[in-house]
Undergrad: 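Sending over a structure as structure tokens; questions will come in a sec.
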There are 2 protein chains.
Amino acid sequence: MAQEEVPSQDPALPATAYAVLGLLSFGQEVTGYDLRKWAMNMRYFYWSPAQSQIYLELRRLLQHGLVEVHLEEQKSRPDKRLYRITDAGLKVFRDWLDHAPVGPPLLKHSVALRLFFGHQTNHGRLREVLTEYRDWAVEQTNGLTLLRTDLDQALPYPALVATWGSAYFAAEITAIDTVLADLDRMETGQREQD
Amino acid sequence: MAQEEVPSQDPALPATAYAVLGLLSFGQEVTGYDLRKWAMNMRYFYWSPAQSQIYLELRRLLQHGLVEVHLEEQKSRPDKRLYRITDAGLKVFRDWLDHAPVGPPLLKHSVALRLFFGHQTNHGRLREVLTEYRDWAVEQTNGLTLLRTDLDQALPYPALVATWGSAYFAAEITAIDTVLADLDRMETGQREQD
DNA sequence: GTGCCCATGTAAACCGTTACATGATTCC
DNA sequence: GGAATCATGTAACGGTTTACATGGGCAC
């Protein structure tokens with residue numbers, strides 16, 4: 001067994017690697033560039049890594065024998081590297097899906113953080129920040145509903161996630177409205193405490 | 001001006017540094033150890049960094065002159081390093097609060113990711129994963145309501161965030177229930193397509 | 001003709017995690 | 001008696017970001 005590609009048993013891959021494997025598990029043959037675009041459609045619930053990171057993960061998966069490449073020459077442009085998942089890769093991915101422990105979502109909500117520290121800011125600015133976030137959330141729901149029409153019957157599980165995402169953003173919007181109303185009450189309530 | 005501590009103008013601190021500064025902006029004199037416990041109460045909306053990271057940020061803030069320390073000797077235990085925010089630190093923090101651009105929350109929802117790839121797993125396991133996440137979300141709401149009783153009038157802004165957090169987890173729970181019901185429908189619907 | 005899209009890749013910097021080390025005190 | 005708490009810190013490792021580089025095709 002010289003230096004042939006031996007699919008190692010427990011590669012202990014980083015989370016991003018599994019995300020890439022999962023995208024490839026849909027069966028298409030795609031480039032790293034394509035993957036990045038797909039990943040951006042998932043940004044609603046899973047933060048997309050930098051583009052350079054995706055290329056790195058693909059190389060790693062290749063070394064582990066979990067994906068395979070086939071080159072497609074292009075004149076005056078870097079050759080296309082079309083990746084496809086291997087049987088070994090599919091097995092590793094399914095093992096991860098079925099056996100990985102359930103972890104909590106990783107959330108860093110900078111807007112909530114700024115509200116938390118509201119005692120150091122002026123209400124005017126705080127209001128701006130919250131409103132801007134609310135607008136952003138509205139945009140996200142719009143983007144998601146657009147996406148969902150594309151998915152619906154063709155990709156049922158992604159469609160479920162899209163529905164979930166819509167509910168999430170809807171909740172954020174009403175939560176912001178509640179906060180905004182509470183801020184009002186705090187301001188006017190300061191002079192008339194019973 | 002030899003090598004005295006010159007508070008640099010635009011330190012461009014990492015997000016964690018501002019979180020630490022913000023906690024210190026409540027005015028108390030605390031240790032890194034205390035900060036870590038406080039940060040854990042914020043894990044509902046802002047992922048707590050590792051303990052070693054907090055100590056590192058404190059040293060960095062000290063170098064920038066944004067916090068100051070005073071030692072408290074302890075026998076048979078590392079000396080307490082009690083940190084307090086400086087005027088410069090408070091200024092930097094307020095500048096950040098009032099001028100930092102509004103960024104989207106950073107979310108990596110591993111459970112949603114696994115639902116997204118549902119075509120590669122069996123429904124039984126998928127159900128388990130979702131249910132386990134649901135249970136976790138219920139725990140979080142319980143923890144939050146406990147917290148909120150402590151905060152309420154004393155810390156109004158953190159209380160607002162706690163309320164927001166409760167709404168968030170409640171939304172997650174009903175979203176999971178919807179997904180679970182949809183999965184049922186997908187299973188039974190497979191044989192009786194009209 | 002300016003700017004975005006394609007398509008890959010390298011390099012440096014660094015945030016952040018994990019693991020380890022210490023050692024008395026306090027709670028069950 | 002064992003485990004958790006207090007209280008800080010170091011070292012290794014690696015995931016991730018940011019910046020940079022290339023260069024033709026295509027749309028407005």
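Just so we're on the same page: letters track the sequence lines, and every chain starts at 1.
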Undergrad: Mind checking whether H109(A) and Y44(B) have ring centres under 6.0 Å apart?
TA: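 No, the ring of H109(A) stays outside the 6.0 Å limit from the ring of Y44(B), centre to centre.
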Undergrad: Need the bend value for the helix from dG1(C)-dC28(D) to dC28(C)-dG1(D): angle between end axes, 5 pairs each end, nearest 10°.
TA: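 Angle reported: 60°, given to the nearest ten degrees.
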Undergrad: What residues form a ring pair (Phe, Tyr, Trp, His ring centres under 6.0 Å) with Y83(A), not counting sequence neighbours?
TA: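 Checked Y83(A) against ring pair (Phe, Tyr, Trp, His ring centres under 6.0 Å); zero matches.
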Undergrad: Taking only side-chain nitrogens and oxygens of Q53(A), does any of them come within less than 4.0 Å of OP1 or OP2 of dT16(D)?
TA: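 Answer is yes, contact under 4.0 Å.
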Undergrad: Out of dC6(D), dG9(D), dG15(D), which has the shortest distance to the side chain of Y33(B)?
TA: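 Selected nucleotide (nearest to the side chain): dC6(D).
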Undergrad: Do you see a donor-acceptor pair shorter than 3.5 Å between the side chains of D34(A) and T31(A)?
TA: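 Distance-only check passes for D34(A) and T31(A).
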Undergrad: Could you pull out all residues at least two apart from R94(B) that satisfy salt bridge (charged side-chain N to carboxylate O under 4.0 Å, His left out)?
TA: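 Checked R94(B) against salt bridge (charged side-chain N to carboxylate O under 4.0 Å, His left out); zero matches.
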Undergrad: Got a sec, which residues hit ring pair (Phe, Tyr, Trp, His ring centres under 6.0 Å) with F45(B), two or more places apart in sequence or on another chain?
TA: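 Counting only residues at least two positions away or on another chain, F45(B) forms a ring pair (Phe, Tyr, Trp, His ring centres under 6.0 Å) with F116(A).
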Undergrad: Restricting to side-chain hydrogen bond (donor to acceptor under 3.5 Å, both in side chains), what partner residues turn up for R59(B), sequence neighbours left out?
TA: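 Checked R59(B) against side-chain hydrogen bond (donor to acceptor under 3.5 Å, both in side chains); zero matches.
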Undergrad: Quick one: list whatever passes side-chain hydrogen bond (donor to acceptor under 3.5 Å, both in side chains) with N142(B), sequence neighbours left out.
TA: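 None.
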Undergrad: What nucleotide among dT16(D), dG16(C), dG9(C) has an atom nearest to a side-chain atom of T16(B)?
TA: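 Of dT16(D), dG16(C), dG9(C), dG16(C) is nearest to the side chain of T16(B).
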Undergrad: Which residues pass the ring pair (Phe, Tyr, Trp, His ring centres under 6.0 Å) test with Y55(A), not counting sequence neighbours?
TA: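 Once residues adjacent in sequence are excluded, Y55(A) has no partner under the ring pair (Phe, Tyr, Trp, His ring centres under 6.0 Å) criterion.
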Undergrad: Applying ring pair (Phe, Tyr, Trp, His ring centres under 6.0 Å), can you list everything that pairs with W38(A), at least two apart in sequence or on another chain?
TA: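 Per chain and number, W38(A) pairs via ring pair (Phe, Tyr, Trp, His ring centres under 6.0 Å) with no residue.
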Undergrad: Scan R36(B) against the nucleic acid and name what it touches under 4.0 Å (heavy atoms): base, sugar-phosphate only, or nothing.
TA: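 Nothing: the residue R36(B), judged by heavy atoms under 4.0 Å, touches no strand.
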Undergrad: What pairs with L155(A) under side chain to side chain contact (heavy atoms under 4.5 Å, CB included), at least two apart in sequence or on another chain?
TA: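 L155(A) satisfies side chain to side chain contact (heavy atoms under 4.5 Å, CB included) with F26(A), L151(A), P158(A) only.
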Undergrad: Going by the rule side-chain hydrogen bond (donor to acceptor under 3.5 Å, both in side chains), which residues pair with H119(A) if we only count those two or more places apart in sequence or in a different chain?
TA: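 H119(A) satisfies side-chain hydrogen bond (donor to acceptor under 3.5 Å, both in side chains) with S25(B) once adjacent residues are dropped.
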Undergrad: Kindly give the atom pairs (protein nitrogen or oxygen, nucleotide nitrogen or oxygen) under 3.5 Å for nucleotides 26-28 of chain C.
TA:
none

Undergrad: Once you round it to whole Å, what is the distance between P of dG16(C) and CG of L13(B)?
TA: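 That distance rounds to 12 Å.
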Undergrad: Short of 4.0 Å, heavy atom to strand atom, which residues of residues 39-52 of chain B count as contacting DNA chain D?
TA: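 Per residue number, the list reads Q51(B), S52(B).
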